[in-house]
Every structure is written in C-alpha cells, then in structure tokens.
Amino acid sequence: MSLFSMPFVDSGVDVALHGVALVVLVGAVAAAGFGFWKVHELPIHKAHKEKHQQIGLITALTWIGFIWHWVWVLAVMVAFIDSGKALRRIRDIWRENEREQPVTATPAKEEINS
C-alpha cells in the first residue's frame with residue numbers, strides 16, 4: 001500500500017488525460033510552427049504591400065533564410081529599408097559640406113550715446 005493515493009492510475013480517466021495531453025502538445029507545436037511561418041514571411045508581405053521593385057530577391061532570400069537564418073535578416077533589411085531614399089540621404093550628407101557657404105560676420109552697429 002502506498003502513502004500517496006494515485007487517483008487516475010489504472011482507470012479510463014488515465015487514458016483520457018493522455019489523449020488530452022497529446023492534443024495540447026500537437027496544438028502547441030502547430031501554433032509555434034504557424035507563428036514561425038508568419039514571422040518568417042514578413043519581408044515578403046511587406047514587399048508586396050509596398051510594391052517593392054525587388055520582390056523576387058526578397059522572396060528568394062526569405063526562402064533561403066529557412067536554412068541560413070542570417071540571409072533572412074538581409075531579406076528584412078531589403079524589404080523594410082527604402083534604398084532609394086536611403087541613398088539620397090547619404091548623398092545629401094556627403095554633399096552637405098560642398099553646399100555650405102562661408103559665413104561672414106557682419107559687424108554690429110555701435111550706438112553712440114552722447
């Protein structure tokens with residue numbers, strides 16, 4: 001005789017609880033897989049939404065990213081960064097020094113109080 005009673009051992013409830021645990025396990029694995037898939041497809045959805053010019057490149061990088069995850073990071077960068085705007089900003093920063101005009105100080109007028 002045991003000090004602790006085992007309420008569900010050797011009963012039909014034991015099999016039912018194993019069935020419930022199996023359903024929960026399969027559901028959790030399926031939900032994790034679906035969530036991973038949805039996060040992994042973010043670059044493709046963003047590219048289609050913005051009508052990106054490099055949709056083919058982003059799609060290929062996303063699929064390759066399933067094997068090499070660092071490639072997926074490149075797909076995210078290509079999809080979410082507006083390369084034309086970024087290059088124009090870099091160009092403007094580069095040429096900023098060329099456009100600056102030398103500032104000449106004008107002498108302040110002295111007031112003569114007599």
Side-chain angles (χ1 to χ4, degrees):
M1 186 163 169
S2 173
L3 294 175
F4 300 106
S5 65
M6 304 294 262
F8 301 118
V9 175
D10 294 331
S11 66
V13 178
D14 185 29
V15 175
L17 288 176
H18 277 85
V20 170
L22 178 66
V23 169
V24 169
L25 176 66
V26 169
V29 169
F34 182 73
F36 178 75
W37 178 265
K38 293 303 271 181
V39 168
H40 210 271
E41 292 290 314
L42 279 176
I44 295 174
H45 292 301
K46 177 70 173 180
H48 283 290
K49 180 180 163 187
E50 299 291 328
K51 297 180 180 154
H52 203 281
Q53 295 176 356
Q54 300 292 335
I55 291 177
L57 173 67
I58 294 168
T59 303
L61 289 175
T62 301
W63 281 101
I64 293 169
F66 276 113
I67 299 169
W68 296 306
H69 302 295
W70 63 270
V71 177
W72 181 79
V73 174
L74 292 177
V76 170
M77 289 170 47
V78 170
F80 281 85
I81 295 175
D82 184 4
S83 60
K85 190 175 182 181
L87 288 174
R88 284 190 298 273
R89 179 67 181 138
I90 291 170
R91 180 198 63 201
D92 292 344
I93 291 171
W94 186 269
R95 293 185 179 171
E96 190 173 279
N97 292 334
E98 295 173 5
R99 283 192 247 156
E100 288 182 357
Q101 306 255 340
V103 178
T104 57
T106 56
K109 294 182 182 178
E110 294 182 23
E111 294 183 20
I112 302 175
N113 295 328
S114 353

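Note that this is a predicted model, so its numbers are computed, not measured. Counting begins at 1 with the first residue of the sequence.
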Residues in salt bridge (charged side-chain N to carboxylate O under 4.0 Å, His left out) contact with Glu50, at least two apart in sequence or another chain: Lys46

Neighbour count >12 (heavy atoms, 6.0 Å) for atom CD, Glu41: yes

Apart from Trp94 itself, residues in the same hydrophobic cluster as defined by side-chain heavy atoms under 4.5 Å: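 None; Trp94 is a cluster of one.
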
Pairs meeting criterion salt bridge (charged side-chain N to carboxylate O under 4.0 Å, His left out) with involvement of residues 74-90, two or more places apart: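 Applying salt bridge (charged side-chain N to carboxylate O under 4.0 Å, His left out) to every pair that reaches into residues 74-90, excluding sequence neighbours, yields nothing.
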
Pairs flagged by side-chain hydrogen bond (donor to acceptor under 3.5 Å, both in side chains) wherever residues 16-34 is involved - sequence neighbours left out: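 For residues 16-34, and leaving out neighbouring residues, the side-chain hydrogen bond (donor to acceptor under 3.5 Å, both in side chains) pairs sorted by first residue read Asp14-His18.
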
Mind listing the side-chain donor-acceptor pairs of residues 21-31 below 3.5 Å, one per line with the distance, residues two or more places apart or on another chain?
none

In a table with atom names and distances, give each donor-acceptor pair under 3.5 Å that connects a side chain of residues 59-78 to protein atoms at least two apart or in another chain.
unit_1 : atom_1 : unit_2 : atom_2 : d
Thr59  : OG1    : Ile55  : O      : 2.8
Thr62  : OG1    : Ile58  : O      : 2.7
His69  : ND1    : Gly65  : O      : 3.2
Trp72  : NE1    : His40  : O      : 3.0

Gap between atom CG of Leu42 and atom NZ of Lys49 - 0.5 Å precision: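 One finds 10.5 Å between NZ of Lys49 and CG of Leu42.
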
